[in-house]
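All remarks here apply to the structure that follows.
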Number of protein chains: 2
Amino acid sequence: MLVNFNEQAEEMIRHTGGRITSCRVLVLGILLAEKKAISHHEIEERIGDDQPLDRVTLYRILEWLSKKGLAHKVISDDRKWRFRTNIYTGSHQHAHFKCSRCTTVICLSDIKTEYCWPLPPGYRSQEVELTVKGLCAACA
Amino acid sequence: MLVNFNEQAEEMIRHTGGRITSCRVLVLGILLAEKKAISHHEIEERIGDDQPLDRVTLYRILEWLSKKGLAHKVISDDRKWRFRTNIYTGSHQHAHFKCSRCTTVICLSDIKTEYCWPLPPGYRSQEVELTVKGLCAACA
DNA sequence: TAAAAATATGCAACAAAGTTGCATTAATGT
DNA sequence: ACATTAATGCAACTTTGTTGCATATTTTTA
Ligand SMILES: [Mn+2]
Ligand SMILES: [Mn+2]
Ligand SMILES: [Zn+2]
Ligand SMILES: [Zn+2]
């Protein structure tokens with residue numbers, strides 16, 4: 001199963017025209033295997049000690065995946081970035097949910113945030129961040 | 001004018017039953033004089049060197065003001081907390097706007113976030129964070 | 001109004017998350 | 001296989017926020 005994710009990751013990376021490196025395949029493979037948005041730290045946990053990957057490299061890979069549209073970054077109140085592959089959510093803007101007990105973050109792909117919010121005169125909207133916080137099904 | 005803010009600050013603090021200290025009055029006075037949410041760093045700037053105030057004390061005062069309902073914390077994508085007094089916005093949940101050029105953050109008191117967002121089965125909402133990002137009137 | 005009690009403040013040291021510069025290594029095109 | 005280009009690893013750093021504890025300030029009480 002993980003092999004399939006890695007093959008898929010490799011194919012996705014190839015499609016961008018960027019270099020196919022073992023680190024990128026590893027990280028994107030991990031993201032593809034997840035149903036939720038995961039943090040830098042969680043990715044490191046899943047990597048384990050077999051294939052050590054420098055913190056900085058991981059930051060750069062995640063940044064690169066975001067830039068290429070293969071993943072997106074989710075910002076949260078705990079000052080941790082989380083990442084989720086775009087293949088399930090599309091790249092449109094959507095809301096997120098964060099469980100205040102287990103800190104799980106999921107994409108609420110159905111809640112699109114492109115709605116035109118009323119702003120003071122002269123203000124222009126570019127992007128919207130909407131996070132619902134509460135308890136997930138497992139914690140409620 | 002600043003004197004008035006300080007008097008008002010003192011009165012607000014007295015009303016909570018907490019101790020009226022010069023540090024608390026100073027910080028709340030600064031918040032009262034602001035039309036936007038300001039960061040820890042911005043508060044320190046406004047204090048200047050006359051009345052030095054320890055970083056840690058400032059953190060604790062802002063936390064205390066929030067707990068007492070005199071101010072609220074605004075979370076943002078730059079990992080900085082910003083604070084705004086509650087007297088203009090009320091303490092209800094509302095959206096915020098962050099200018100992506102000058103980083104100004106304002107409260108959008110008219111946009112209440114208590115709307116019942118559709119969540120997956122079993123999920124429960126407690127709090128909603130909604131930030132519109134774009135250009136403010138001065139930067140647009 | 002002076003001492004006692006309760007609470008706030010300052011300082012030092014720390015922690016977590018992310019950034020930068022640069023030398024080394026690996027991937028790709030020829 | 002070699003040259004070129006881009007990715008990686010490492011060390012040092014920055015920013016933002018936290019913790020523990022001694023000292024100072026408020027408030028209460030006598
Ligand atoms: Mn998402
Ligand atoms: Mn606000
Ligand atoms: Zn949960
Ligand atoms: Zn602006």
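Chain letters run A, B, ... following the sequence lines, proteins first and then strands; every chain starts at 1.
- Note on B/R60: a base of the nucleic acid sits closer than 4.0 angstrom, heavy atoms only.
- For the pair B/T89 and B/T85, the tightest heavy-atom approach, listed with the atom from each and the gap, is OG1-O, 3.9 Å.
- For the residue pair A/H92/A/H72, the side-chain donor-acceptor check at 3.5 Å is not satisfied.
- For the 3.5 Å distance criterion, the side chains of B/S22 and B/Q51 fail to qualify, holding no donor opposite an acceptor.
- Look at CD on B/Q51: it is 14 Å from P on D/dT25, rounded to the nearest Å.
- Between B/Y59 atom OH and C/dA15 atom P the separation is 17 Å, expressed in whole Å.
- Here D/dT16 presents its P atom at 8 Å from NE2 of B/H41, a figure rounded to the nearest Å.
- Residue B/T21 is classed as a sugar-phosphate contact, given heavy-atom separations below 4.0 Å to backbone atoms only.
- No more than 12 heavy atoms of other residues, nucleotides or ligands shown are found within 6.0 angstrom of CG on B/D110.
- Taking the side chain of A/V56 as heavy atoms from C-beta on, and the options D/dG17, D/dT8, C/dG21, the nearest nucleotide is C/dG21.
- With rounding to whole Å, A/I20 atom CD1 is found 15 Å from D/dT5 atom C1'.
- Close to C/dG10, at under 4.0 Å from its OP1 or OP2, lies a side-chain N or O of B/T57.
- The side chain of B/R19 sits closest to C/dA6 out of C/dA6, C/dG18, D/dA7.
- Following rounding to the nearest Å, A/I61 (CD1) and C/dA27 (C1') show an atom-to-atom distance of 14 Å.
- Put simply, CD on A/E63 is 18 Å from P on C/dA17, counting in whole angstrom units.
- Taking Ile, Leu, Val, Met, Phe, Trp and Tyr as hydrophobic and joining them when side-chain heavy atoms fall under 4.5 Å apart, one finds B/F97 in a cluster with A/F97, A/I106, A/L108, A/I111, A/Y115, A/W117, A/L119, A/Y123, A/V128, A/L130, A/V132, B/I106, B/L108, B/I111, B/Y115, B/W117, B/L119, B/Y123, B/V128, B/L130, B/V132.
- Using a 4.0 Å cutoff on non-hydrogen atoms, the parts of residues 67-86 of chain B near DNA chain C are B/R79, ordered by number.
- Between the side chains of B/S66 and B/E63, not a single donor N or O lies within less than 3.5 Å of an accepting N or O.
- Distance B/R24 CZ to D/dT26 P: 11 Å, rounded to the nearest Å.
- Both A/I43 and A/L32 belong to a common hydrophobic cluster when Ile, Leu, Val, Met, Phe, Trp and Tyr are linked at side-chain heavy-atom distances under 4.5 angstrom.
- As judged by a 4.0 angstrom heavy-atom cut-off over every strand, B/R55 is placed among the base-contacting residues.
- Atom CG of B/L58 and atom P of C/dT9 are 10 Å apart (whole Å).
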